[in-house]
Amino acid sequence: MVQPAFIEGRYFDILAANPLARALSPRLAAGGNQLRDQFLDPGQQAFHPEWESMTECFVGNLRQAVGTDIDDPRFIELIGELSLASPRFRQLWARHDVRAQTGAPIKMNHPQVGELTLNRERLTINGTDDLMLVVYHPDAGSADAEKLALLASAGLPTRATGSEVRPV
């Protein structure tokens, strides 16, 4: 895909991510967990200026994704860890909100290109157990599209030919 994209599991584990997703945020790498990152990494609060509303959405979506499968050991471990370590998570978890994550604009403060607003789409991957394809895309022709293109070009592999370095 030419847009930042990654695959996540029902507990927001990142299972795979393309290079542009990782350029957008190193936290969007396989092996990461967005819930842990959002609640336990102070840098994520600075990266996401709408962090409070984003965390509300994550917790409500987690409740929806889990449904009645509350005996799942992975679920118990994650909820326990976040409840102990994050007052914000404890507050939101106690509200018992349930809601679906829908496509929405996401604001970011990227360290290289500055403020960026991208649309987030979550697409169900049929035939899988609760896997989602998440794609971020800018509005066509916007300054955000230019910033994303700059990030994409900065991450291109290069090869040397003579004394110059050119994109592959």
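A quick note: this is a predicted structure, and the numbers were derived from the prediction, not measured.
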Nearest heavy-atom pair of [X] and [Y]: which atoms, and what distance?
X      : Y      : value
Phe47  : Pro111 : CE1-CD, 4.2 Å
Leu35  : Asn33  : N-OD1, 2.9 Å
Asn109 : Ala46  : ND2-O, 3.2 Å
Ala17  : Ala29  : CB-CA, 4.4 Å
Gln3   : Pro138 : OE1-CD, 3.5 Å
Gly114 : Lys147 : C-NZ, 4.5 Å

Are side-chain heavy atoms of [X] and [Y] found at a separation under 4.5 Å?
X      : Y      : answer
Arg22  : Arg27  : no
Ile106 : Leu118 : no
Ser86  : Glu81  : no
Val59  : Trp93  : yes
Leu62  : Ile79  : yes
Val135 : Pro4   : no
Leu131 : Glu8   : no
Gln34  : Ile14  : yes

Check your understanding: So among Gln91, Arg88, Gln44, which one has a side chain to side chain donor-acceptor pair (under 3.5 Å) with Thr55?
Key -> Arg88
Practice item. Kindly determine whether Leu78 and Phe12 satisfy side chain to side chain contact (heavy atoms under 4.5 Å, CB included), including the steps that lead there. Key: CA-CA 10 Å; Leu78 187 59; Phe12 297 98; over 6 Å; no
Practice item. Show your working on side chain to side chain contact (heavy atoms under 4.5 Å, CB included) between Glu52 and Cys57 and close with a plain yes or no. Key: CA-CA 9 Å; Glu52 289 191 4; Cys57 184; over 6 Å; no
Short question: side chain of [X], backbone of [Y] - any donor-acceptor pair under 3.5 Å?
X     : Y     : answer
His48 : Glu50 : no
Asp13 : Leu15 : no
Asn18 : Ala5  : yes

**Study point:** Pair Asp130, Tyr11: side-chain N/O donor-acceptor within cut-off below 3.5 Å
**Key:** no
Exercise for review: Name the orientation class of the two ring planes belonging to Phe39 and Phe89 (parallel below 30°, tilted from 30 to 60°, perpendicular beyond 60°).
Suggested key: perpendicular
Exercise for review: Could you state whether Val98 and Met132 fall into the same hydrophobic cluster, counting links through intermediate Ile, Leu, Val, Met, Phe, Trp or Tyr residues with side-chain heavy atoms under 4.5 angstrom apart?
Suggested key: no
Review point. Are Leu82 and Ile70 in one and the same hydrophobic cluster, where Ile, Leu, Val, Met, Phe, Trp and Tyr link if side-chain heavy atoms are under 4.5 Å apart?
Key: yes
Point to revise | Under-4.0 Å salt bridge between Arg63 and Asp97 | key: no
Practice item. Could you tell me whether Lys107 and Glu115 make a salt bridge, using a distance below 4.0 angstrom between a side-chain N and a carboxylate O? Key: no
